[in-house]
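Just below is one structure, and these are the notes that go with it.
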Amino acid sequence: MHRINEQIAAIGIVPVIKLTNPERDAVPLAKALCAGGVAVAEVTFRAAGAERAIRLMKEACPDMLVGAGTVTTTGHIDKALAAGGQFIVTPGFDPELVAYAKEKGVPIYPGCTTPTDYHAALKFGLEVIKFFPAEQSGGLAKIKAMSAPFPQFKVMPTGGISLGNLEAYSACPCICACGGSYMVTAELIENGRWEEITQLCRRSREIVEGARKGMAV
Ligand code: 3PG
C-alpha cells in the first residue's frame with residue numbers, strides 16, 4: 001500500500017472537518033485530534049477557507065496527515081497541494097479528478113457505492129476507495145457484498161458513522177478506516193470543546209483497536 005494509505009489504515013478513523021473560522025479553530029483542533037491519537041484530518045472544501053485550514057494544521061502539527069475533502073474540481077486539488085494537503089477525497093467518482101490526482105502523485109479516495117464505480121476505480125489501479133454516503137447507501141452489508149467481487153480494494157466508509165456503529169465497521173477486514181464528523185461536530189468546534197474532541201478520538205481509537213483484535217469476516 002501507498003505510505004499515506006498505510007498511515008490512515010493504522011489510525012483507522014478520519015475526522016471530516018468543516019471549519020468556518022480556520023484562523024481561530026484550525027490549530028487547536030489539529031492539536032486536539034493529535035492528542036487523542038487521531039493525527040489525520042479530511043478538511044472539506046465545502047467550507048470557505050479550507051486551503052488556509054490545511055496550511056495552519058500542517059504548520060502546527062507537521063507529522064499530522066492532512067487531506068482535502070469535498071473536492072470537485074482540479075482547482076481544488078491544486079489549492080490543496082499548495083497548502084500541504086497529502087490526500088484527496090471526492091464525494092463521487094470523477095475520472096478527470098482521479099487522473100489529475102494520479103498525475104500529481106497524490107492519493108485520491110473517490111466516493112464509490114456501485115459495481116460500476118468499483119470497475120472505474122479498478123481501471124485507475126486505486127487501492128483505497130471511499131464508500132459514500134455509507135449508511136444511506138446500504139452500509140456494512142453492501143460493503144461486504146461488494147468486497148466479494150472486488151477483494152482488491154480497501155474501503156473507507158463515510159456518512160452516518162458514529163461511536164455506535166464504529167466497532168462493526170472496523171471489524172470488517174476490507175475496511176481500512178472510517179470517516180466521520182461525530183468527533184468534530186460544528187457544536188464542538190464552535191464552542192472550543194477541544195478536550196471533548198480529544199476524548200472522542202481516544203474512545204474511537206480504542207473501539208477500532210478492539211474491533212481489529214477480534215476481526216471477523
Ligand atoms: C460528509 O461529507 O459530511 C461526511 O460524509 C461526514 O458524514 P457524517 O457527518 O455523517 O459523519
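Order of listing sets the numbers, starting from 1, for every ligand and every atom in it. Just so it is clear, the values below take in all heavy atoms, side chains as well, and ignore hydrogens, waters and symmetry mates.
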* Asked: Any donor and acceptor pair, going by atom type alone, linking the side chain of Arg205 with main-chain N or O of Ile11 inside 3.5 Å?
  -> yes
* For Ser204 and Tyr182, does a side-chain donor sit closer than 3.5 Å to a side-chain acceptor? -> yes
* So, Gln199 versus Arg203: side-chain donor-acceptor pair below 3.5 Å or not? -> no
Out of [options], whose heavy atom sits nearest [atom]?
atom	options	answer
atom 6 (C) of ligand 1	Ile161, Thr158, Val184	Thr158
atom 11 (O) of ligand 1	Ser162, Pro133, Ser181	Ser181
atom 7 (O) of ligand 1	Gly159, Pro91, Cys178	Gly159

* Check: Gly180 N/O within less than 3.5 Å of ligand 1 N/O -> no
* Touching ligand 1 at all, Lys18? Heavy atoms, strictly under 4.0 Å? -> yes
* To do: Say whether Leu65 and Val16 are linked into one hydrophobic cluster, either directly or through other cluster members, by side-chain heavy-atom distances under 4.5 angstrom.
  => no
* Whether Phe150 and Tyr118 hold their rings parallel, tilted or perpendicular, with breakpoints at 30° and 60° -> tilted
* Pair Glu209 + Arg212, salt bridge at N-O below 4.0 Å -> no
* Structure fact -> atom 1 (C) of ligand 1 sits nearest the protein heavy atom Arg46 NH2, 3.2 Å
* Asked: Can you list the ligand 1 atoms lying under 4.0 Å from a non-hydrogen atom of Gly160?
  -> 8 (P), 10 (O)
